[in-house]
Number of protein chains: 2
Amino acid sequence: MHINAEWYRVFLVVSKIENLSRSAEKLHMTQPSVSYIIKQLEESLGIALFERLSKGVRLTQEGKMLAEYVEKAFQQLFVAESQIHLLKQYKLGDVRIGANGAIIKDVVLPILDEFHNQYPDIRIRLLQDKTKAIIDFIKEGTLDAGFVYLPVKEPELAITPLKEVHNCFVVGRNFFELSKQPITTDRLAQIPLLLLSSGSTTRSVLEGWFASQGYSIKADFELNSLDMLIEFAKRGYGAAFVPESFIQDEIELGKLAKLDTLKPLPIQTLGMVTRNKTTFTSDIFTKMFLNAYAE
Amino acid sequence: MHINAEWYRVFLVVSKIENLSRSAEKLHMTQPSVSYIIKQLEESLGIALFERLSKGVRLTQEGKMLAEYVEKAFQQLFVAESQIHLLKQYKLGDVRIGANGAIIKDVVLPILDEFHNQYPDIRIRLLQDKTKAIIDFIKEGTLDAGFVYLPVKEPELAITPLKEVHNCFVVGRNFFELSKQPITTDRLAQIPLLLLSSGSTTRSVLEGWFASQGYSIKADFELNSLDMLIEFAKRGYGAAFVPESFIQDEIELGKLAKLDTLKPLPIQTLGMVTRNKTTFTSDIFTKMFLNAYAE
DNA sequence: ACTTGTTATAGAGAGGATTTATATCAGAAA
DNA sequence: TTTCTGATATAAATCCTCTCTATAACAAGT
């Protein structure tokens with residue numbers, strides 16, 4: 001006969017109480033049921049687990065040994081169920097997110113703060129990497145959500161546009177003259193350009209914009225952080241291509257000036273990428289983003 | 001809905017194989033059963049344990065966590081069942097026995113040797129103590145079997161007479177004269193007596209024997225081991241009351257002589273005491289004794 | 001002897017687990 | 001596209017195990 005793991009639950013109670021009738025009460029069953037289960041367990045194991053006394057039962061040596069193991073086993077199950085309970089109360093768990101570049105500061109951090117305030121027990125892990133790598137991690141389940149520039153064409157992933165990012169060219173004081181009136185693409189191509197490293201989404205979008213007008217550009221300065229681009233622009237090395245939100249302060253302080261282009265610059269859309277099936281914890285995280293950026 | 005521990009067994013297999021159909025085969029059930037069980041478990045826990053993919057299922061984060069605990073839990077149960085299996089093959093277990101005094105050497109040791117040869121993996125624990133203490137230990141289940149002088153009046157214990165122990169008085173060379181012909185009780189009472197400490201069964205049996213004939217004896221030497229009694233007798237201090245089997249050698253060597261009493265000396269019966277319900281391992285031990293001493 | 005508290009057994013019944021059959025779905029292949 | 005394959009999900013009937021009620025059996029204390 002096959003052992004039913006549920007019998008051990010009954011056995012464990014009886015082993016503590018050493019009285020079938022009272023165990024039955026505790027288990028919300030009748031005494032014959034308990035008697036029957038213990039009997040089955042004993043027969044299946046081929047060994048006596050209890051002595052039957054006139055005033056209850058008593059564990060045999062072998063029963064004692066078994067009880068120790070069974071106790072540990074159910075303790076594991078108990079802990080597991082407790083953990084899941086915590087998880088459901090958002091008192092446990094982690095969210096693993098990925099973002100590329102400077103998007104984090106502008107879009108992710110504010111919501112992250114809100115999330116962390118609301119669910120302080122949930123651990124947050126943030127990975128900064130290329131769009132490609134982030135997408136792959138999400139596909140294999142290593143990351144729960146990614147924040148990248150669209151378009152991303154992955155049919156198996158859920159992609160939600162969050163926010164439009166307007167880019168612009170900014171220059172330092174020595175080029176302020178150029179900001180007085182709209183600039184042609186031709187004139188722009190003659191200025192030294194400060195761009196993100198090739199391979200970045202922003203870079204290729206800009207290259208596409210020039211190419212559609214018959215220009216093939218090369219970067220005079222090729223850097224891999226927005227902060228660096230802005231720093232070089234301020235010092236007058238040329239025009240940096242950066243998100244508008246990043247240089248509001250510097251423009252107001254008069255350290256940088258924005259160049260109006262005759263032909264509108266490309267607008268990038270920032271999106272959140274998740275798997276269609278997400279983990280319990282990551283669900284509430286992504287929901288918070290969707291609420292924050294819902295029109 | 002209440003969680004059935006048996007579901008976890010199914011969950012564990014599925015968590016390893018990540019394919020319901022193949023898990024079903026391994027579990028000797030059908031795919032819908034497995035699907036149903038997993039669904040119930042997920043509903044009971046209120047959390048998704050697997051993602052359903054087109055080519056199987058995949059553990060969620062939460063499922064992974066659960067699987068780790070469940071794995072440990074069933075490992076415990078597996079070990080427990082293995083142990084019991086060993087026990088049943090007499091490859092594991094222990095027998096705890098008690099005996100008082102010198103009985104051990106004569107009666108217990110030979111069978112103990114045989115037992116140990118046959119079941120070398122079973123641990124033997126031997127306690128030497130007073131009859132009273134041994135009986136109490138057996139009643140509370142701390143000892144499996146006891147070897148003591150009968151009668152023992154304990155209705156809840158199983159008492160089996162094993163062997164009759166014939167006692168006799170022995171004397172050293174200076175008293176050899178007395179061994180030529182049967183001795184009267186009167187004469188015996190005049191010789192210095194070497195007896196076991198009062199409180200021992202043997203001692204009280206002898207006191208009873210004298211008392212029934214109107215004598216109240218006192219020991220001239222009161223020792224608590226048979227070896228000592230015999231040693232003192234050999235040196236001529238008086239007559240020692242000891243089991244016949246203990247002085248065969250010395251009589252043949254002419255160092256001791258046995259006194260024939262006119263009135264026959266009391267014969268003590270050595271018995272084995274066990275609880276009516278015994279442990280699995282101790283059963284085969286006591287059976288060996290019963291076989292060895294069966295008429 | 002009677003009462004009390006216990007486990008064991010028998011038999012009926014209920015309900016959950018299992019199966020069969022089928023639907024559904026996602027990918028891969030034609 | 002359409003079809004085919006390999007997977008899970010669902011529905012409904014069946015089966016079987018567990019559970020209950022009722023009662024027996026038993027030991028211990030009154």
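First the proteins, then the strands, lettered A, B, ... as listed; each starts at 1. Everything numeric in this text was worked out from a predicted model, so none of it was measured.
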Under a plain distance cut-off of 3.5 Å, with no hydrogens placed, do B:R96 and A:Q61 share a side-chain donor-acceptor pair? yes
Using a 4.0 Å heavy-atom cut-off to protein, can you give one letter per nucleotide of nucleotides 24-30 of chain C, 5' to 3': B if the base is in contact, S if only the sugar-phosphate is, - if neither? --SS---
According to side chain to side chain donor-acceptor pair (under 3.5 Å), who are the partners of B:R58, at least two apart in sequence or on a separate chain? none
Restricting to ring pair (Phe, Tyr, Trp, His ring centres under 6.0 Å), what partner residues turn up for A:F289, sequence neighbours left out? A:F147, A:F285
Holding to salt bridge (charged side-chain N to carboxylate O under 4.0 Å, His left out), I want the full list of residues that pass it with A:E25, two or more places apart in sequence or in another chain. none
Just checking, any donor-acceptor pair under 3.5 angstrom between side chains of A:Q268 and A:T202? yes
By salt bridge (charged side-chain N to carboxylate O under 4.0 Å, His left out), which residues pair with A:E43, not counting sequence neighbours? none
note: A:E25, atom CD; C:dG5, atom P; distance rounded to Å ~ 12 Å
Under 3.5 Å between N/O atoms: give me all the protein pairs with nucleotides 15-17 of chain C, atom names plus distance.
residue	atom	partner	partner atom	Å
C:dA17	OP2	B:Q40	OE1	3.1

State which residues pass salt bridge (charged side-chain N to carboxylate O under 4.0 Å, His left out) with A:R125; sequence neighbours excluded, sorted by chain then number. A:D94
With a 3.5 Å cut-off and no angle check, do the side chains of A:Q83 and B:Y69 form a donor-acceptor pair? yes
Any chance you could lay out the side chain to side chain contact (heavy atoms under 4.5 Å, CB included) test for A:I38 and A:V14, step after step, and finish with the verdict? CA-CA 9 Å; A:I38 296 298; A:V14 176; 4.1 Å; yes
In whole Å, I'd like the distance from the CD atom of A:Q31 to the P atom of C:dA10. 14 Å
Range on DNA chain D touched by chain A, heavy atoms, distance below 4.0 Å: D:dC18 to D:dA28
Hits for side chain to side chain donor-acceptor pair (under 3.5 Å) against B:T142, two or more places apart or cross-chain, chain-then-number order -> B:E140
A:E18 atom CD is separated from C:dT7 atom P, nearest whole Å, by 11 Å
Dot-bracket for DNA chain C: what is it, with Watson-Crick or G-U pairs under 3.5 Å, [ ] where a pair crosses earlier ones, and | for a pair to another strand? ||||||||||||||||||||||||||||||
Whole-Å distance between C:dT18 C1' and B:L20 CG? 15 Å
Scan side-chain atoms only and decide if A:T30 and A:S33 contain a donor-acceptor pair under the 3.5 Å cut-off. yes
By side chain to side chain donor-acceptor pair (under 3.5 Å) - contacts of A:N100 (at least two apart): A:T131
Applying side chain to side chain contact (heavy atoms under 4.5 Å, CB included), can you list everything that pairs with A:Y90, at least two apart in sequence or on another chain? A:Y119, A:I122, A:F280, A:I284
Whether B:T30 contacts C:dT18 is assessed here as follows: a side-chain N or O lying under 4.0 Å from the phosphate OP1 or OP2. Is that the case? no
Mapping A:R22 and B:S33 onto DNA chain C by nearest heavy atom, which one lands closer to the 5' end? A:R22
